[in-house]
Protein chains: 2
Amino acid sequence: MAQIEGAEKSGSRAEMREETERAILDAAERVFAEHGFGGATMQAIADAARLPKANLHYYFASKEKLYRRVVERIFTVWLEAAESFDTESGPEAALSRYISRKMQVSREQRHGSKVWANEVMHGAPIIQDYLETTLRDWTDSRIGVIRRWIDQGLMRPVDPRWLMYMIWATTQHYADFAHQIETLNQAPLSDAQWQDATDTVCGILLRGIGIDPAPEAAFKPAGPAA
Amino acid sequence: MAQIEGAEKSGSRAEMREETERAILDAAERVFAEHGFGGATMQAIADAARLPKANLHYYFASKEKLYRRVVERIFTVWLEAAESFDTESGPEAALSRYISRKMQVSREQRHGSKVWANEVMHGAPIIQDYLETTLRDWTDSRIGVIRRWIDQGLMRPVDPRWLMYMIWATTQHYADFAHQIETLNQAPLSDAQWQDATDTVCGILLRGIGIDPAPEAAFKPAGPAA
DNA sequence: AACAGACCTGACCAATCAGTCAAGGTTATT
DNA sequence: AATAACCTTGACTGATTGGTCAGGTCTGTT
């Protein structure tokens, strides 16, 4: 009687399980982003996932464990979006590409960004360990890269931490404060507006650290790669 | 038997009422910032204000009304911090001073900033009207000022909105993500670090819009005014 | 076909929470 | 001193929530 929804056809047991878990995580991400951990109810998540509430507890033992999985998933995306940071050689290409990808994540993973922001804002009660290990290591490594650029005279000397925070803040703002931006804009941002915002952020940040960006500096999604 | 706490001595009825209300608002701000609207309980707020819960409901009819008052209070501070924005004549002085004040608010009103961020992130269910009226008007007016600066050739032409969002994002990040910053820093930021972060933000943003800042551009709290 | 194990779910708790209330205390006014 | 208005509070309540569970269904295996 169930199983009518178009989503899950058939597949191996393991595949279906994975699909259901992903559906629940997607639903949970939306609900947690909209209402916060305390404001979200398992019933609302169940409704969003089109499952009876008891079924949720079959896949995820508790609300907190479900939440943890959601936050962990975001965290991964969030770090991966930065991977291109150190595949480029100089600050101009590396930073403009990193910023562009983070802006893209803000546009496409709005809910995830919000859940992450929420978690950190409330003191990271669930994922504090991630902050102290993975994030710290990652950050230290990128700080080292920036420091080397400075030593090589490729950019103005600024404390790399403040620069990183500026990039994080500016790009994530477009996800976390999307509602405010859209209210002021009287509409969601268009493709052109996203591109313009990205170009402006890149331009200001690069010039701000003493790099006069080439016209094509702000990475465009479908541009020539190599 | 109550009234032992050092806070409220005696005063006129109206004075004491105001004092109690402020104490409740302060406590509510902390609790809402830490747990979000849904996660905060009236009992926790009452405890933080050192009052029995029933007393809260004597001063504030409902949790939602109390929350609204908290958000409104923040909103006011947040706009006032920007007032100096248009008391200066050129972009260099105006922006660097605005940024410095916003950084200061982030440091001193961390809880308030978080509550505001929370509210907007969840779609501004309580103060949507403020966004559409007061904030929009305020923003439009500042955008006009920036546009005039651009027309006068005082700064590089960038869409004023993206610039405003950059300033908001960067400065508020130090409040909303204070926990993350402090974790990475292994300690709260020192006075010197706050000053350095402020200088860096000012420097990058000003240079980013084509202004080579004078050494004293980043406004220092106790610096010579006129 | 028969069996086992995975999956599903309606109905049900115990706990928690926002909000109420009635009774008692305090202060200002006359 | 009497009165009225304001303030305080412990005890209570109805509603909601996270989580449980027994009994059912479906799927793959022998």
Side-chain angles (χ1 to χ4, degrees), chain A residues 1-25 27-29 31-32 34-71 125-126, chain B residues 1-25 27-29 31-32 34-71 125-126:
Chain A
M1 209 210 284
Q3 191 92 358
I4 303 172
E5 300 308 324
E8 303 144 40
K9 308 187 178 183
S10 57
S12 81
R13 217 92 195 232
E15 276 168 3
M16 281 193 50
R17 173 158 199 128
E18 217 167 311
E19 226 172 314
T20 307
E21 277 186 11
R22 202 176 46 70
I24 294 174
L25 286 170
E29 188 175 289
V31 175
F32 281 134
E34 247 170 84
H35 304 284
F37 179 80
T41 68
M42 293 297 269
Q43 189 60 60
I45 295 171
D47 292 347
R50 293 171 178 273
L51 288 173
K53 186 178 65 129
N55 209 345
L56 242 64
H57 281 96
Y58 178 76
Y59 285 96
F60 296 93
S62 69
K63 185 184 182 184
E64 194 172 315
K65 277 187 179 128
L66 173 57
Y67 179 73
R68 191 176 225 281
R69 284 284 302 276
V70 170
V71 176
I126 309 286
Chain B
M1 207 209 283
Q3 190 93 359
I4 302 169
E5 302 306 322
E8 304 143 39
K9 307 188 177 180
S10 57
S12 81
R13 217 101 195 224
E15 275 168 4
M16 283 194 50
R17 173 157 199 130
E18 216 166 315
E19 227 171 312
T20 306
E21 278 187 10
R22 203 176 45 70
I24 294 174
L25 285 170
E29 189 173 288
V31 176
F32 281 134
E34 248 172 82
H35 303 285
F37 179 80
T41 68
M42 293 297 270
Q43 188 60 62
I45 295 171
D47 291 349
R50 292 170 179 275
L51 287 173
K53 187 180 67 130
N55 210 344
L56 243 63
H57 281 96
Y58 177 77
Y59 286 96
F60 297 92
S62 69
K63 186 184 181 185
E64 193 172 315
K65 276 185 180 130
L66 172 56
Y67 179 74
R68 190 176 227 285
R69 284 282 304 274
V70 171
V71 176
I126 310 286

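We name chains A, B, ... by the order of the sequence lines, and we start the count at 1 in each one.
Between the side chain of B:Lys53 and the backbone N or O of B:Ile45, no donor-acceptor pair lies under 3.5 Å.
At a threshold of 4.0 Å, the pair B:Arg17-B:Glu21 counts as salt-bridged, since one of the basic side-chain nitrogens sits closer than that to a carboxylate oxygen.
Within residues 53-60 of chain A, the residues having any heavy atom under 4.0 Å from DNA chain C are, by residue number, A:Ala54, A:Asn55, A:Tyr58, A:Tyr59.
What separates CZ of B:Arg68 from C1' of C:dA18 is a distance of 19 Å, to the nearest Å. Whole-Å rounding puts the A:Gln43 CD to C:dT16 P distance at 20 Å. Between the P atom of C:dA6 and the CD atom of A:Glu18 lies a distance of 17 Å, rounded to the nearest Å. The nearest whole Å value for the distance from the OH atom in A:Tyr67 to the P atom in D:dG19 is 15 Å. Distance, A:Glu19 CD to C:dA6 P: 20 Å, rounded to whole Å. As a whole-Å value, the separation of B:Met16 CE from D:dC7 P is 9 Å. Atoms CD (B:Glu15) and C1' (C:dT26) sit 17 Å apart, rounded to a whole Å.
Contact of the B:Leu51 side chain with the B:Thr20 side chain is registered, since non-hydrogen atoms from C-beta on lie closer than 4.5 Å. Residues B:Val71 and B:Ile126 form no side-chain contact, since every pair of their non-hydrogen atoms from C-beta on lies 4.5 Å or further apart. Using a 4.5 Å heavy-atom threshold, the side chains of B:Phe37 and A:His35 count as separate.
By the 30° and 60° cut-offs, the orientation of the rings of B:Phe32 relative to B:Tyr67 is perpendicular.
The ring pair (Phe, Tyr, Trp, His ring centres under 6.0 Å) check on A:Phe60 picks up nothing, with sequence neighbours excluded.
Bending across the helix from C:dA1-D:dT30 to C:dT30-D:dA1, expressed as the angle between its end axes from five pairs apiece, amounts to 10° (10° rounding).
To the nearest 0.5 Å, atoms CZ (B:Arg68) and NZ (B:Lys65) are separated by 10.5 Å.
What you find for A:Met42 and A:Ser62 is that their closest heavy atoms are CE-C, 4.4 Å.
Among the heavy atoms of the strands lying under 4.0 Å from B:Ala40 are primed sugar atoms or P, OP1, OP2 only; no base atom is included.
Comparing atom distances between the A:Arg17 side chain and each of D:dG18, C:dC7, C:dA18 picks out C:dC7 as nearest.
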